[in-house]
Amino acid sequence: MSSMPFFFPCEAPEAREFFERHRPPAEAWLTELEDVHDPFIASAAHAAFCLLSSFVFSERQPPYDWLSFDVSDFLFRDLAEGGTVGMDGPVATFFDHLIEALQRFTDAGAIEAALGARLVAEMEEAREDFERFYDPDSSDEELEAIERRRSTTPPMSIGA
């Protein structure tokens with residue numbers, strides 16, 4: 001895999017530096033998956049894309065720093081607005097890929113070790129709600145309850 005398709009051209013040096021720190025671990029991971037013919041490589045690439053692009057498309061315009069990353073808002077707001085969870089495979093597989101991407105970024109030093117461990121733990125703690133939230137059989141009431149419980153920003157009115 002020669003080049004990651006999800007790295008956006010960015011004018012700001014801070015953004016370029018941020019994405020370039022994440023390129024090697026993302027490319028190495030996807031190359032490993034490609035080498036073993038993993039059927040869900042697209043899901044893995046999409047997970048890395050979603051994590052990194054959350055910094056580009058955030059309404060809050062955070063700095064390109066994982067300290068500003070809000071796990072709950074990412075899982076239950078940003079991804080819901082994108083509408084692509086489960087696009088390239090099962091929701092549970094996509095969630096596992098989000099965790100793996102964070103771990104790879106942490107192991108490579110793109111995320112400070114203690115912070116990476118905290119972000120992974122926060123994600124793991126949200127696994128059950130995540131899988132229910134993106135289950136097409138979940139009711140609107142259940143989705144709204146999960147969002148109210150998890151999100152740090154006002155609900156986006158799922159049933160509206």
Candidate pair F18 and W66, rule side-chain contact (heavy atoms from CB on, under 4.5 Å), full reasoning: CA-CA 10 Å; F18 176 83; W66 286 99; 3.6 Å; yes
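- Note: F69 and F74 have tilted aromatic rings, judged against thresholds of 30 and 60 degrees for the angle between ring planes.
- The backbone N or O of M87 sits nowhere less than 3.5 Å from a side-chain atom of T84 that would complete a donor-acceptor pair.
- Classification of R16 and E20 as a salt-bridged pair fails, no side-chain N sitting under 4.0 Å from a carboxylate O.
- Using a cut-off of 4.0 Å between Lys/Arg side-chain N and Asp/Glu carboxylate O, E125 and R150 are scored as salt-bridged.
- Looking only at distances, no side-chain donor or acceptor of Y134 sits under 3.5 Å from a matching main-chain atom of A92.
- The aromatic rings of F76 and F133 sit perpendicular, their planes meeting at an angle over 60°, well past the 30° parallel limit.
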Worked verdict on L115 versus R118 for side-chain contact (heavy atoms from CB on, under 4.5 Å): CA-CA 5 Å; L115 176 59; R118 180 179 61 84; 2.8 Å; yes
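- In this structure, D65 contributes its side chain and S68 its backbone to no donor-acceptor pair below 3.5 Å.
- In this structure, the side chain of T93 does not engage the main chain of G89 through any donor-acceptor pair within 3.5 Å.
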Derivation and outcome, salt bridge (charged side-chain N to carboxylate O under 4.0 Å, His left out), residues D137 and R132: CA-CA 8 Å; D137 294 332; R132 288 299 306 154; over 6 Å; no
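- F130 and F94 have parallel rings, their planes meeting at less than 30° on a 0 to 90° scale where 60° marks the start of perpendicular.
- In summary, the aromatic rings of F40 and H97 are positioned with their centroids too far apart to meet the 6.0 Å limit.
- Ring orientation note: the planes of H46 and F49 are close to parallel, at an angle under 30° on the 30°/60° scale.
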